[in-house]
Protein chains: 2
Amino acid sequence: MNAISHKIIRETLLERIQSGEWELGELIPNEEELAEEFGCARTTVNRALRALAEEGIVIRKRKGGTRVCELPKREAKFEIPIVRQQVEATGAVYRHKIVCRESKKPPISVSTRLHLGADEKALYLEALHLADERPFAFEMRWVNPAAVPHIEEEKFDTISVNEWLIKSVPFSSGDVSFSAVNADCDIADALDVTEGSALFLVDRTTWYDQSFITTLKLYYNQGFKFYSKL
Amino acid sequence: MNAISHKIIRETLLERIQSGEWELGELIPNEEELAEEFGCARTTVNRALRALAEEGIVIRKRKGGTRVCELPKREAKFEIPIVRQQVEATGAVYRHKIVCRESKKPPISVSTRLHLGADEKALYLEALHLADERPFAFEMRWVNPAAVPHIEEEKFDTISVNEWLIKSVPFSSGDVSFSAVNADCDIADALDVTEGSALFLVDRTTWYDQSFITTLKLYYNQGFKFYSKL
DNA sequence: TAGTGGTCTAGACCACTCA
DNA sequence: GAGTGGTCTAGACCACTAT
């Protein structure tokens, strides 16, 4: 292909920015000028600049032109993986065990999150994720039974709750928080660590449309880390 | 505008996928067919589908066509913010204090990370980040002085080390890990918490081109959380 | 080999926003 | 008001890959 690709343009511009050829906050040439320089259509330059804008490298404004970002933001993307995949990625054999399963009235903090009435019951599950039969993570989860009625029929002996939910309600939204907590007595017991150990906690709530599906706390065993590139 | 926008197409297709009109893994119509259905150019459909592919909703293959993703991945994007911004976002007043600053031989774990010779010195800094004069986070950092020579002249009385580095080396790459640790004696002391408290640790290393810039451990005080949308 | 997505072009009009 | 990016079109050729 003779034509100049948007990838090459993006890379070239990125190098100029990184090398300091353009200062932070400085206006860079407009699309038409760059198109002329690269000898390509404006559309192609547009695509390259749009990519840089999505990455937070430049800021674009109509009439205002395109500027190098003043305070480049650093973003880390974490995939929220299925625990099974995390375990298998380490080369270990994955297994999970439902420790507790009952239908009961959730505490207020949960019933508000799941948008349940004060007297409505929800499904409560505790599960232990094992890597080579050693505790890897402990999960405490509430499910809104109205959102996924068929869950009553599922045993979860071959598939984890999370994987089942992903398949049943594949494109839900949600929010998530990461934090550090000291293991209380129960969790220390489940994960076979001493009480007070620092554990990595992922707290996640998901919903689809207006209907809340599940909220869970996932306690990873000691030493667990989330990695990412910047 | 009469023309159908790529955003509307993206939304429409997303609704069909979410509603289950197309199964997981199912082949969806090709670009030309969709263009005809929406009465627009193929380019426009292409842009909508490309967006869905970037979001991990569909998978596209030449000749293979476009399919709904089998196992939709969940991604969480975290901005790695400047601590000052984190503090100010809570409404508190930010201040930081350099607790320690010296040039010395780093431990091997650091000198390998920074690609330093065994006998080379590096700049070591400890800093405390305060929110309304209460400890918010404690930072232990090594800087490769060869990568940023002017750092010797900087006092860091008005600007934090991180902000200074971002301005000096704006578009560096890096990696980062999140984990949970029990506070050791020194850190507990610095953050004014009891020893053994669970702390959220961000461990980050950045470089530019081939040259390593800095590696740091940032211990957030108890109760700190990272939030994100899924 | 044939079918699909990937990309580029040249031109057009629009929408926003700065001065 | 004028300059910039935002987007759409219609057409073309290419690159990959499933069959």
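Below, each value reflects all heavy atoms present in this structure, side chains not excepted, and no hydrogens, waters or symmetry copies. Letters go in sequence order (proteins before strands), and every chain restarts at 1.
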Could you check which residues of residues 30-46 of chain A get a heavy atom under 4.0 Å from DNA chain D? Sort them by number, please.
->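 Under 4.0 Å from DNA chain D: A:N30, A:E31, A:R42, A:N46.
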Would you kindly give the [atom1]-to-[atom2] distance between [X] and [N], to the nearest whole Å?
{"X": "A:H6", "N": "D:dG5", "atom1": "NE2", "atom2": "C1'", "value": "18 Å"}
{"X": "B:R10", "N": "D:dC8", "atom1": "CZ", "atom2": "P", "value": "14 Å"}
{"X": "A:K61", "N": "C:dT17", "atom1": "NZ", "atom2": "C1'", "value": "9 Å"}
{"X": "A:I9", "N": "C:dT7", "atom1": "CD1", "atom2": "P", "value": "13 Å"}
{"X": "A:R67", "N": "C:dT17", "atom1": "CZ", "atom2": "P", "value": "15 Å"}
{"X": "A:I28", "N": "D:dG3", "atom1": "CD1", "atom2": "P", "value": "19 Å"}
{"X": "B:I59", "N": "D:dT17", "atom1": "CD1", "atom2": "P", "value": "13 Å"}
{"X": "B:R50", "N": "C:dG6", "atom1": "CZ", "atom2": "P", "value": "8 Å"}

With sequence neighbours excluded, what pairs up with B:R95 under the salt bridge (charged side-chain N to carboxylate O under 4.0 Å, His left out) test?
->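 If we apply the salt bridge (charged side-chain N to carboxylate O under 4.0 Å, His left out) test to B:R95, skipping adjacent residues, the hits are B:E133.
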For B:E11, which residues count as a salt bridge (charged side-chain N to carboxylate O under 4.0 Å, His left out) partner, sequence neighbours excluded?
->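 If we apply the salt bridge (charged side-chain N to carboxylate O under 4.0 Å, His left out) test to B:E11, skipping adjacent residues, there are no hits.
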Residue pairs passing the side-chain hydrogen bond (donor to acceptor under 3.5 Å, both in side chains) test where at least one lies in residues 221-230 of chain B, sequence neighbours excluded =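 Found none.
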Most 5' of A:K7 and A:G64 on DNA chain C, judged by nearest nucleotide =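 Between the two, 5'-proximity favours A:K7.
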Sequence-distant partners of B:H129, ring pair (Phe, Tyr, Trp, His ring centres under 6.0 Å), two or more places apart =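 In terms of ring pair (Phe, Tyr, Trp, His ring centres under 6.0 Å), with neighbours along the sequence ignored, B:H129 is linked to B:Y94.
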Looking at B:R60, does any N or O in its side chain come under 4.0 Å of the phosphate oxygens OP1/OP2 on C:dG6?
->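 Yes, within the criterion.
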Contacts of type side-chain hydrogen bond (donor to acceptor under 3.5 Å, both in side chains), residue A:R50, not counting sequence neighbours |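 With neighbours one apart ignored, the set is A:N46.
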Could you grab the distance from atom CZ of A:R204 to atom OG of A:S177, nearest 0.5 Å is fine?
->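 Taking CZ in A:R204 and OG in A:S177, the distance rounds to 11.0 Å.
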